[in-house]
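Any value given below was found using the heavy atoms of this structure, including those in side chains, with hydrogens, waters and symmetry copies removed. Treat the numbers as computed from the prediction; the structure is a model and nothing was measured. Naming: A, B, ... by sequence-line order, numbering from 1 per chain.
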There are 2 protein chains.
Amino acid sequence: MDNNAVAAVAKSVRTLTIDAVQAANSGHPGMPMGMAELGALLYGEVMNHDPTDPVWPNRDRFVLSAGHGSMFLYSLLHLSGYDLPLEEIKQFRQVGSITPGHPEYGHTPGVETTTGPLGQGFANAVGMAIAEEMLAARFNTPEHTVIDHFTYAISGDGCLMEGITSEASSLAGHLGLGKLIVFYDSNRISIEGSTELAFTEDVAARYRAYNWQVLNGDAYNPDGIRNLLEEAKGDLSRPTIIILESEIGRGSPNMAGTHTVHGAALGDDEVAATKKVLGVDPQAMFYIDPAATAFFSNRKDELRTAHAEWRKKFDAWGAANPGLLAQWKEAFEGGYREVLKDIGLPQYEPGASVATRKASGEALKAIAAMLPNVAGGSADLAPSNNTALPEHGHFSRDNRAGRTMHFGVRELAMAAIGNGMALHGGVRPFVATFLVFSDYLRPALRLSAMMKAPLIYVLTHDSFFVGEDGPTHQPVEHLAAMRAIPGLRVLRPADAEETGEAWLMALEHEGPTVLALTRQGLPVLEKSDRKWKDAMRRGAYIVRECTHDGPPELVIVATGSEVALALEAVERSGRDARVVSMPSRELFEAQDPAYRQALVPEGVPVVTAEAGIAQGWEAIAKSRDRVFSIDRFGESGPGKAVAKALKFSADDLAEVLRGV
Amino acid sequence: MDNNAVAAVAKSVRTLTIDAVQAANSGHPGMPMGMAELGALLYGEVMNHDPTDPVWPNRDRFVLSAGHGSMFLYSLLHLSGYDLPLEEIKQFRQVGSITPGHPEYGHTPGVETTTGPLGQGFANAVGMAIAEEMLAARFNTPEHTVIDHFTYAISGDGCLMEGITSEASSLAGHLGLGKLIVFYDSNRISIEGSTELAFTEDVAARYRAYNWQVLNGDAYNPDGIRNLLEEAKGDLSRPTIIILESEIGRGSPNMAGTHTVHGAALGDDEVAATKKVLGVDPQAMFYIDPAATAFFSNRKDELRTAHAEWRKKFDAWGAANPGLLAQWKEAFEGGYREVLKDIGLPQYEPGASVATRKASGEALKAIAAMLPNVAGGSADLAPSNNTALPEHGHFSRDNRAGRTMHFGVRELAMAAIGNGMALHGGVRPFVATFLVFSDYLRPALRLSAMMKAPLIYVLTHDSFFVGEDGPTHQPVEHLAAMRAIPGLRVLRPADAEETGEAWLMALEHEGPTVLALTRQGLPVLEKSDRKWKDAMRRGAYIVRECTHDGPPELVIVATGSEVALALEAVERSGRDARVVSMPSRELFEAQDPAYRQALVPEGVPVVTAEAGIAQGWEAIAKSRDRVFSIDRFGESGPGKAVAKALKFSADDLAEVLRGV
């Protein structure tokens with residue numbers, strides 16, 4: 001790519017950006033204008049990608065962590081030949097377009113992840129770089145290299161101020177992810193004004209402290225950037241951050257370098273003035289420099305050819321390594337779901353006392369033995385979360401084939417890295433911490449749900465039964481808060497057997513799943529419904545049927561540890577109630593009315609029981625005083641003593657039952 | 001304090017810790033044992049405090065950010081003479097004790113903040129140091145110094161891995177908070193094993209990059225620690241981190257230095273062996289070295305005398321500065337609440353279109369003019385949140401009297417710093433960001449609620465009416481998720497007038513308040529209930545009464561922007577419905593049944609309307625199909641176009657009303 005082509009592409013990024021933002025009268029022109037030359041280089045020269053096949057597994061990944069600069073992406077995807085026609089750019093930020101305000105994964109070809117909530121894209125990129133290393137270790141052979149790509153990201157000062165980025169950067173440096181290259185768009189402007197107002201740390205020194213290679217350059221010197229990239233790739237022992245001094249809104253004669261150009265349209269006059277500076281007719285709307293078109297027309301073919309050459313290598317590799325090829329299909333094409341039915345889950349004796357976190361650990365071991373694409377870990381709580389897989393090694397600088405991740409005490413980065421691993425493809429990741437700390441990772445959990453990223457969250461210590469650690473460690477509102485997230489599947493299994501099935505359900509599912517698990521032992525239940533495994537996939541099933549004939553006179557709906565509590569309360573109350581285990585309220589509520597009626601018939605009194613807040617259960621219990629819940633913070637003490645203090649024992653529930 | 005006294009106190013911290021944890025068979029002995037000498041120095045020599053008056057405003061603050069080491073605090077509070085009798089230590093981690101598993105603010109004298117969720121204590125300490133600077137600038141005179149204290153904290157590697165700590169540290173360095181001194185308990189052990197597994201960054205270099213003074217020492221050399229403290233205090237232009245090389249579980253002959261001693265009782269044998277090493281009779285339970293008792297008996301008197309001397313200075317200052325003294329009482333003794341009735345809130349014409357974020361900014365200006373203790377800011381969104389107070393300057397290294405905080409893009413640290421400012425006393429803080437980013441600060445929001453910290457959260461852009469920024473920026477589940485937190489007051493005012501009242505309610509309240517505010521303009525409403533301001537304090541009031549006599553045939557309950565939508569839908573539907581504005585569902589639900597019945601009578605159909613998920617509204621609407629809600633993520637487009645796409649227009653609601 002010669003520098004004239006760089007200039008033509010950069011000019012086109014600027015003209016497309018200012019017109020799109022002006023047409024929408026909304027958006028963020030500053031970042032795309034400031035980074036246009038870098039974008040030209042990345043999409044035109046640096047990245048191995050194939051606009052005709054945006055999901056080619058060995059493509060370089062690009063993450064726009066500063067997601068508000070979405071026109072940067074859309075301009076370059078359009079120019080470089082992705083299926084993003086100019087019409088869509090004219091529809092920027094309109095309902096039904098594929099050019100929403102912030103880039104959305106699954107919505108626009110070439111968008112690798114949903115960004116906008118700051119810092120998460122950076123951590124996603126770390127996850128993608130981890131996945132690349134894992135897959136390279138697993139699939140490459142001395143003869144053939146089928147996975148070998150870089151992960152690039154652009155970060156602004158907003159991302160660098162966010163704690164998630166610190167967490168992710170510290171871990172990336174620790175792991176020595178040399179094929180991760182982040183550009184820092186250092187334009188010294190934030191929304192409230194100069195970064196001097198709040199952000200005067202020495203970013204370069206901080207990144208050196210994290211064990212990153214730190215390079216500095218000028219955003220408008222293509223040859224300089226080329227040299228920096230060469231230097232970055234010359235040291236593959238650690239990630240690289242390239243700090244580019246830049247000017248926000250570059251090209252706008254009156255607004256460049258100021259915070260006014262960050263997040264608003266330039267206005268007609270300044271759009272015209274900018275076009276003049278760029279040497280473009282102010283009347284020309286959505287102008288594209290013909291030299292840019294010509295360049296990419298040729299470049300697109302080169303890239304397709306490169307992809308075809310990779311395909312040849314891949315076929316040769318597959319022929320020489322049929323076992324690996326089969327694993328590849330399992331890993332990249334969802335084939336692992338076929339394996340699920342062959343997984344021999346651990347068996348438990350009814351009545352045995354097993355904490356569901358323990359059963360989860362045992363299920364995970366059985367699964368990991370059969371599915372080499374399953375990998376993940378905990379935010380420094382593996383011994384408590386039961387997520388360690390020592391038999392498969394831990395992922396480290398020295399062991400890229402290791403499958404247990406040591407994330408450190410970095411919940412939010414962990415979840416966003418997990419999203420990045422899931423989005424990369426080829427890996428089926430899980431992450432873990434205490435349920436109460438789901439608050440720390442919630443921003444990433446939301447994006448898992450929005451992106452339908454198949455990440456599994458193992459969240460243990462799921463109620464006040466945590467005990468002595470006290471209210472700071474006892475979730476009460478977290479189940480409700482997680483169910484509030486649209487599209488998030490929350491499973492709270494009632495015993496060891498349900499826990500194993502919950503793991504299979506999570507792996508069958510094409511989106512994120514939360515497994516909420518107990519610290520304390522729970523009895524393995526005898527289940528009235530012999531087909532409970534099928535029923536569980538519809539959210540709920542009958543664990544205890546009434547002994548009398550005809551419809552039930554009382555139904556108790558419970559989740560997790562409260563199913564056993566409900567069974568005990570039935571005994572103590574003398575009420576012949578049906579007990580329904582409802583590991584997933586959302587799944588149950590999504591069933592047809594007939595199914596719901598069959599389990600929870602209209603007109604029959606219903607009591608719900610869950611060791612958390614009432615919110616949401618009124619829909620099933622119909623009446624607030626039939627919701628057996630905890631609507632306050634907990635207490636520090638042994639679980640049973642806390643249950644007593646909170647009036648949440650089997651006797652308390654039995655009293656409710658007797659009163660219905 | 002001579003070094004024999006240090007040793008005697010440290011020994012006593014260790015013996016109390018191991019016996020308390022053993023008695024509870026639960027807890028974290030490693031940290032208190034490792035930091036016992038530092039604790040002796042802090043409580044015995046370094047800190048200006050008065051165990052007989054734990055809320056003395058000018059005391060040095062101490063924050064145990066590594067809150068799991070709660071026995072560190074409890075031992076030292078007991079030994080140094082706080083009202084924490086030995087009996088309570090024997091009841092460690094039991095229901096009803098004042099020695100819960102993690103330190104809880106408001107529960108135990110001398111505990112400055114609730115810690116345990118890692119990193120938050122660190123940020124609380126930053127907030128306390130900010131409050132100290134603000135108050136010193138405001139109250140000290142050339143003649144008298146009434147505020148002049150240090151803030152100390154102990155942080156473990158867990159805290160330092162958390163992103164919140166990075167955010168808070170970057171800001172603390174930027175602000176040059178020289179009276180903040182953090183000790184890093186560098187024991188190189190995390191729960192999963194050595195910190196080598198996940199945390200190999202150069203912490204000292206990172207803190208230098210943040211503009212901190214970084215000092216290194218040995219946790220078991222009291223003279224060395226004294227010298228380091230002198231050095232720390234010799235440079236008041238920047239905060240100091242003192243990295244102490246330490247040994248977790250120091251004193252335990254077989255378990256010290258390993259992760260087994262982090263979070264579990266030592267076991268009877270190791271307790272006995274440890275006592276032997278410490279020169280204590282293994283049979284002696286809850287042993288306290290008599291030299292420690294003797295030392296603190298004397299020290300307590302010295303400290304009380306020092307406090308009395310401060311009091312004399314304070315009285316002289318008050319006599320010389322009666323205006324400042326009055327302000328002091330307002331600030332420290334809740335007197336500012338008296339001022340609230342005199343605040344002239346801006347007036348609005350019915351029908352005028354005003355975004356509630358704009359009305360909030362105007363109310364805040366009026367309040368800040370009257371209440372000099374109100375201070376706060378935004379996570380780099382002040383122009384959007386309408387929270388800037390340029391007339392009062394911004395808090396910076398050069399202007400400690402400034403009242404606008406530039407927090408940078410650091411939501412979680414912002415909220416935890418706000419908690420610290422609130423807990424310090426003397427300041428009534430507020431923080432701000434977009435409602436959708438409440439996810440980022442949720443861990444601190446939970447602790448605000450648990451601690452009843454009077455922090456005001458200004459959360460704007462409260463629904464899909466955000467528009468073009470799209471689903472990543474459109475809250476749908478956040479109101480439900482915040483209402484889920486016990487004790488958190490969520491106010492969603494329906495117009496400019498309600499917004500002003502909501503600010504007053506927040507200032508009247510002795511706990512945290514969320515103000516959920518619109519981006520878009522809303523009409524100022526004519527209100528049927530002339531006493532709506534009183535009624536609003538009970539959560540809800542009638543904004544439109546039916547025109548016919550007798551009880552209503554239909555009630556619509558709406559919040560925020562949906563109140564105007566409901567009024568419009570009533571017009572369009574032709575239904576003569578009562579419309580209730582419910583700015584706070586929790587407050588309403590806490591009223592007596594008569595009040596609730598008067599507004600929302602039993603037996604009358606109720607439709608609820610809120611631009612968020614249904615969860616929780618079934619309790620009021622009784623039936624899911626009468627909850628007008630949004631149970632999916634949003635869309636990028638102009639607000640009205642998104643409303644159409646989501647079927648959330650006045651016409652859509654009118655159709656629901658016609659169907660009831």
Side-chain angles (χ1 to χ4, degrees), chain A residues 26 93-95 100-102 116-118 158 161-164 166-167 170 174 190-192 197-202 205-206 209-210 380-382 406 408-410 412 439-440 442-443 446 450 468-472 477 480-481 484-486 613 615-616 618-619 624 632-633 635-637 641 645, chain B residues 26 93-95 100-102 116-118 158 161-164 166-167 170 174 190-192 197-202 205-206 209-210 380-382 406 408-410 412 439-440 442-443 446 450 468-472 477 480-481 484-486 613 615-616 618-619 624 632-633 635-637 641 645:
Chain A
S26 165
R93 295 188 151 229
Q94 304 307 308
V95 172
H102 291 82
L118 291 175
M161 285 189 252
E162 289 284 4
I164 180 177
S166 301
E167 294 175 0
S170 177
H174 168 77
S190 68
I191 291 176
E192 293 184 359
L197 287 173
F199 189 55
T200 51
E201 62 170 58
D202 181 341
R206 172 155 71 104
Y210 292 142
D380 196 37
L381 289 172
H406 290 291
V409 189
R410 305 179 178 107
L412 181 51
D439 280 350
Y440 276 80
R442 192 168 170 88
R446 184 174 208 249
M450 196 176 287
E468 292 88 346
D469 274 346
T472 55
E477 73 275 31
I485 299 176
I613 62 166
Q615 184 178 296
E618 300 97 338
R624 179 69 185 77
R632 48 159 290 187
F633 292 118
E635 292 274 353
S636 170
Chain B
S26 165
R93 295 188 151 228
Q94 303 307 309
V95 172
H102 291 81
L118 291 175
M161 284 189 253
E162 289 283 4
I164 181 177
S166 301
E167 294 175 1
S170 177
H174 168 78
S190 68
I191 291 176
E192 293 183 359
L197 287 173
F199 189 53
T200 51
E201 62 171 56
D202 181 342
R206 171 154 74 104
Y210 291 142
D380 196 37
L381 289 171
H406 291 291
V409 189
R410 305 179 178 107
L412 182 51
D439 280 348
Y440 275 81
R442 192 170 170 86
R446 182 174 210 249
M450 196 176 288
E468 292 89 345
D469 273 348
T472 55
E477 73 276 28
I485 299 176
I613 61 164
Q615 184 179 294
E618 300 95 338
R624 180 67 186 78
R632 47 158 290 187
F633 291 117
E635 291 275 353
S636 171

Any sub-3.5 Å donor-acceptor pair from A/Arg446's side-chain atoms to B/Glu477's backbone N or O? no
Quick check for you: to the nearest 0.5 Å, what is the distance between B/Thr472 atom OG1 and A/His102 atom NE2? 5.0 Å
Taking all atoms of both residues into account, what is the closest heavy-atom pair of A/Asp380 and B/Glu192, and its distance? OD1-N, 2.8 Å
When rounded to the nearest 0.5 Å, the distance separating CD of A/Gln94 from CD of B/Glu635 is 11.5 Å
Does any N or O in the side chain of A/Asp469 come within less than 3.5 Å of the main-chain N or O of B/Gly101, such that one atom is a donor and the other an acceptor? no
Option that, when pairs with chain A are counted at under 4.5 Å, heavy atom only, ranks first among B/Ile485, B/Leu197, B/Ile613: B/Leu197
Any idea which heavy atoms bring A/Val95 and B/Ala645 closest together, and the distance? CG1-CB, 3.9 Å
Toward chain B, the part of A/Leu381 with a non-hydrogen atom under 4.5 Å: both
Between the CZ atom in B/Phe199 and the NE2 atom in A/His406, the distance rounded to the nearest 0.5 Å is 15.5 Å
CG (A/Leu412) and CG (B/Asp439) are apart, to the nearest 0.5 Å, by 10.0 Å
Which bit of A/Arg632 is near chain B, if near means a heavy-atom gap under 4.5 Å: side chain, backbone, both or neither? backbone
Given the options A/Pro443, A/Gly470, A/Ser166, which has more heavy-atom pairs under 4.5 Å with chain B than any of the others? A/Pro443
Comparing A/Ala619, A/Gly408, A/Ala480, A/Pro471 against chain B, the one with the most heavy-atom pairs below 4.5 Å turns out to be A/Pro471
Please look at B/Ser190 and chain A and tell me whether the side chain, the backbone, both or neither of the residue comes under 4.5 angstrom of a heavy atom of that chain. both
Among A/Ala382, A/Gly637, A/Ala205, A/Pro117, residue most engaged with chain B (heavy-atom pairs, under 4.5 Å): A/Pro117
Can you give me the closest heavy-atom contact between A/Leu118 and B/Tyr440, atom names plus distance? O-OH, 2.8 Å
Distance col, row A/Thr200:OG1 vs B/His174:NE2, nearest 0.5 angstrom, shows 5.0 Å
Please find the pair of heavy atoms, one from B/Arg206 and one from A/Ala209, that lie closest to each other, and give the distance. N-CB, 3.5 Å
A/Ala641 portion near chain B, given a 4.5 angstrom heavy-atom threshold: both
Chain A heavy atoms under 4.5 Å from B/Ile191: which part of the residue, side chain, backbone, both or neither? both
For the backbone of A/Gly163 and the side chain of B/Glu167, can you confirm whether one donor and one acceptor N or O come within less than 3.5 Å of each other? yes
In terms of heavy-atom contacts, B/Ala481 and A/Arg442 come closest through CB-NH2, 3.3 Å
Distance (rounded to the nearest 0.5 Å) between A/Glu618 CD and B/Arg624 CZ: 13.0 Å
If I compare all heavy atoms of A/Ser26 with all of B/Glu468, which pair ends up nearest, and what's the gap? OG-CB, 3.2 Å
